[in-house]
Every structure is written in structure tokens, then in C-alpha cells.
Amino acid sequence: MSEVFDCSDGAQLLQGTRLARQSLGRGELIVMPTDTVYGVAADAFSPEAVQRLLDAKGRGRQSPPPVLIPNVGTLAALAAEATEALHNLAEAFWPGALTIITQANPSLSWDLGETGGTVALRIPGNAFARELLQETGPLAVSSANRTGMPAAGSAQEAREMLGDSIAVYLDGGEARGEASTIIDATKLNGDGTGTVRVLRQGGVTVAELQRVLPEATVLEQPAPSATPLVQAEADAATEADAATDASAETDGSSETDAEAPRVSD
């Protein structure tokens with residue numbers, strides 16, 4: 001039976017975070033607030049836990065979750081190469097609403113799904129989420145909802161959709177922030193040249209990205225790719241809305257969508 005803890009109450013906060021850490025260590029799922037919406041979280045280094053996350057949401061391995069990290073230092077451990085350009089992006093926009101897709105460190109013993117060797121990384125702007133991540137390490141986190149249903153803006157909404165598939169619900173109040181901007185930085189060179197593609201426009205604008213990367217080409221549309229896809233964050237109000245408003249960035253049905261990086265949850 002899942003438990004809900006009111007994080008505005010000191011005693012419940014301590015008990016809830018303790019049980020959340022224990023649950024994650026056992027490969028179970030928790031729900032936590034972020035700076036965008038509520039997320040369902042699993043130990044990123046437990047393939048069984050990640051599969052449990054996908055099952056709870058009704059998704060397959062073709063939709064791997066992004067990974068939330070506690071600090072910029074973790075970038076060096078998870079990315080194939082923590083270049084100066086990536087650090088510039090991280091220093092400029094983290095914590096905050098930028099999700100960076102980059103090549104994953106090939107030595108990592110994890111299985112997030114069909115990622116094609118990439119990983120989507122973000123440091124959330126929510127202080128409580130960062131504190132939890134400091135204690136747990138990187139977490140695979142996707143919006144707390146069943147596929148096709150609205151992303152949860154409260155712990156209660158998440159519980160109504162996910163029920164007892166979640167061990168612990170951490171109730172941090174309303175979480176209905178602006179969606180993160182998602183960029184594909186796999187073609188960004190270490191010296192800041194190359195190409196960055198904006199797969200979804202959110203809290204960080206193209207102009208802001210261009211100011212940080214003056215030597216790079218920042219494009220606002222995805223490019224055709226034969227590489228398996230990273231399933232990045234869906235902070236949008238609903239997955240259906242995201243598919244309608246940004247079909248090239250979701251699981252749309254056009255010929256371009258079939259090959260381009262998808263962003264739906």
C-alpha cells in the first residue's frame with residue numbers, strides 16, 4: 001500500500017524522504033515534486049526499476065526517461081565527454097528549465113531503454129528535488145501520469161493515476177511550472193561550434209541559447225535521425241496537447257516525425 005507524506009509538515013517530511021530513499025534502494029518507485037510537474041522517479045542504475053517506471057506509465061522501452069541530477073559535477077560522470085560547451089550551458093541554465101540530450105558515458109552500467117547511447121539530463125529548479133537527489137544520486141524521472149493523461153500537478157492527481165504502483169508519494173504542494181526547453185546537443189562540439197537543435201521550446205529561449213553558444217548554430221526544428229530516441233521530459237499540460245502543439249517533437253505520425261527525435265514524456 002503506497003503512502004503519502006505532506007512535506008510541509010516537518011515530521012512527515014523526514015519520514016517521507018527516509019522511506020523514499022529506502023524504496024528507491026529496493027528498486028521501487030516514488031512520486032516527487034519538481035519545478036515543472038510531479039515526476040515518477042526510479043533509481044537510474046536499476047534496469048528493473050526503470051522498467052517498473054515504464055510499466056507504471058504504460059510505455060515501452062522506445063520511450064526511455066530523462067535523468068535528473070543534483071549538481072553540475074554529476075554531468076562529468078554521466079556524459080561521454082563533459083566539454084566546455086556543455087559546462088557553459090549547465091552553468092548558464094541549471095538549475096532550471098533546460099534538458100540537454102548528449103552522448104552518455106559508455107562505461108555506465110545502466111539501461112534506460114532504447115536510447116541509442118544518449119541521455120537527457122537536467123538539474124531541476126526545485127530545491128526539495130535537488131536535496132533528495134543529493135541523497136539518492138541520479139534518478140530516472142518522467143512526468144507522473146499514465147500515458148495519454150494530463151501530467152500531474154499535485155501528489156493527489158498523481159496518486160489517482162498511478163495508485164499502488166508507487167511506493168511513496170512526496171506531497172510538496174502544487175507543481176505546475178513552465179516546461180523545460182529540450183535540446184539535442186549531440187552535434188555540439190567541445191569548442192562551442194557545431195549544431196544544437198531545439199526539440200521543444202520551454203523556459204529557455206533560442207536567443208538565450210545563442211548568447212551562451214555564439215559560435216554554434218541553434219536550430220528550432222528537429223532533424224531526421226536514424227538513431228534510437230531519448231524520451232525526454234514531458235512537462236506540458238498533457239501529452240495530447242504536446243502532440244498537437246509540437247508534432248515534430250512528439251509521437252506524431254508524419255514522415256518527418258517517424259525519424260526525428262521525439263519528445264512526449
Side-chain angles (χ1 to χ4, degrees), residues 1-5 15-34 37-70 74-75 77-80 99 101-124 129-130 132-149 151-152 155 158-170 227-234 239 251 262-265:
M1 185 72 175
S2 60
E3 297 184 76
V4 181
F5 295 90
Q15 183 182 13
T17 53
R18 177 177 58 83
L19 291 178
R21 293 194 303 271
Q22 293 174 353
S23 297
L24 290 166
R26 292 192 295 267
E28 297 173 340
L29 306 179
I30 70 166
V31 160
M32 57 187 281
T34 74
V37 293
Y38 271 76
V40 54
D43 179 355
F45 294 96
S46 169
E48 295 80 12
V50 172
Q51 185 60 55
R52 190 171 287 123
L53 183 157
L54 296 175
D55 291 343
K57 287 178 60 67
R59 286 196 173 278
R61 284 175 51 81
Q62 74 281 3
S63 301
V67 175
L68 295 189
I69 59 177
T74 310
L75 176 65
L78 301 187
T99 299
I101 299 175
T102 187
Q103 296 295 330
N105 186 334
S107 68
L108 291 173
S109 57
W110 64 3
D111 182 5
L112 297 171
E114 297 177 11
T115 66
T118 63
V119 63
L121 300 172
R122 188 169 82 89
I123 299 178
R130 291 197 305 275
L132 183 62
L133 288 162
Q134 290 281 8
E135 298 180 2
T136 64
L139 295 177
V141 181
S142 186
S143 58
N145 60 294
R146 291 285 298 176
T147 298
M149 299 183 71
R159 193 164 192 242
E160 289 171 359
M161 287 184 278
L162 299 174
D164 288 339
S165 65
I166 307 300
V168 173
Y169 289 86
L170 298 175
T227 304
L229 308 172
V230 169
Q231 183 67 36
E233 248 179 310
E239 293 178 22
D251 297 326
R262 300 172 190 168
V263 176
S264 59
D265 195 319

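Worth knowing before you read on, the calculation uses all heavy atoms, side chains too, and leaves out hydrogens, waters and symmetry mates. Source: prediction; values computed, not measured.
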On a heavy-atom basis, which atom in [X] and which in [Y] lie closest, and how many Å separate them?
| X | Y | answer |
| --- | --- | --- |
| Ser142 | Pro65 | CB-CB, 4.4 Å |
| Val168 | Gly16 | CG1-O, 4.0 Å |
| Gly117 | Gln103 | O-OE1, 3.2 Å |
| Ser107 | Asn105 | OG-OD1, 2.7 Å |
| Leu112 | Pro64 | O-CB, 2.9 Å |

Margin query: Tell me which one of Leu53, Leu24, Val67, Val40 satisfies side-chain contact (heavy atoms from CB on, under 4.5 Å) with Leu139.
Written below: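 The passing option is Leu24.
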
Find the distance between [atom1] ([X]) and [atom2] ([Y]) and round it off to the nearest 0.5 Å.
| X | Y | atom1 | atom2 | value |
| --- | --- | --- | --- | --- |
| Glu3 | Ile30 | CD | CD1 | 13.0 Å |
| Ser63 | Lys57 | OG | NZ | 9.5 Å |
| Gln62 | Leu54 | CD | CG | 8.5 Å |
| Leu133 | Met32 | CG | CE | 5.0 Å |
| Ser23 | Arg18 | OG | CZ | 10.0 Å |
| Phe45 | Leu108 | CZ | CG | 5.5 Å |

Quick one: are [X] and [Y] in side-chain contact, heavy atoms under 4.5 Å?
| X | Y | answer |
| --- | --- | --- |
| Ile166 | Leu29 | yes |
| Leu170 | Leu132 | yes |
| Leu19 | Phe5 | yes |
| Ile123 | Leu68 | no |
| Arg159 | Ser2 | yes |
| Pro66 | Ile101 | no |

Item checked: Donor-acceptor under 3.5 Å (Arg130 side chain, Pro124 main chain) ->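 Side chain of Arg130 to backbone of Pro124, a donor-acceptor pair under 3.5 Å: yes, one is there.
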
Notebook entry, point to check: Any donor and acceptor pair, going by atom type alone, linking the side chain of Asp43 with main-chain N or O of Gly25 inside 3.5 Å?
Noted result: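 Absent.
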
Note to self: What verdict does the side chain to side chain contact (heavy atoms under 4.5 Å, CB included) test give for Gln51 and Arg61, after you've listed the backbone C-alpha separation in whole Å, the side-chain angles of each residue and the deciding distance to 0.1 Å?
What the structure shows: CA-CA 8 Å; Gln51 185 60 55; Arg61 284 175 51 81; 3.7 Å; yes

Next item on the list: Let me see the working for Asp111 and Val50 under side chain to side chain contact (heavy atoms under 4.5 Å, CB included), right down to the final yes or no.
Entry: CA-CA 8 Å; Asp111 182 5; Val50 172; over 6 Å; no

Next item on the list: Report the residues that fulfil side-chain hydrogen bond (donor to acceptor under 3.5 Å, both in side chains) with Arg21, sequence neighbours left out, ordered by chain and then residue number.
Entry: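 With sequence neighbours excluded, Arg21 shows a side-chain hydrogen bond (donor to acceptor under 3.5 Å, both in side chains) to Glu135, given in chain and number order.
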
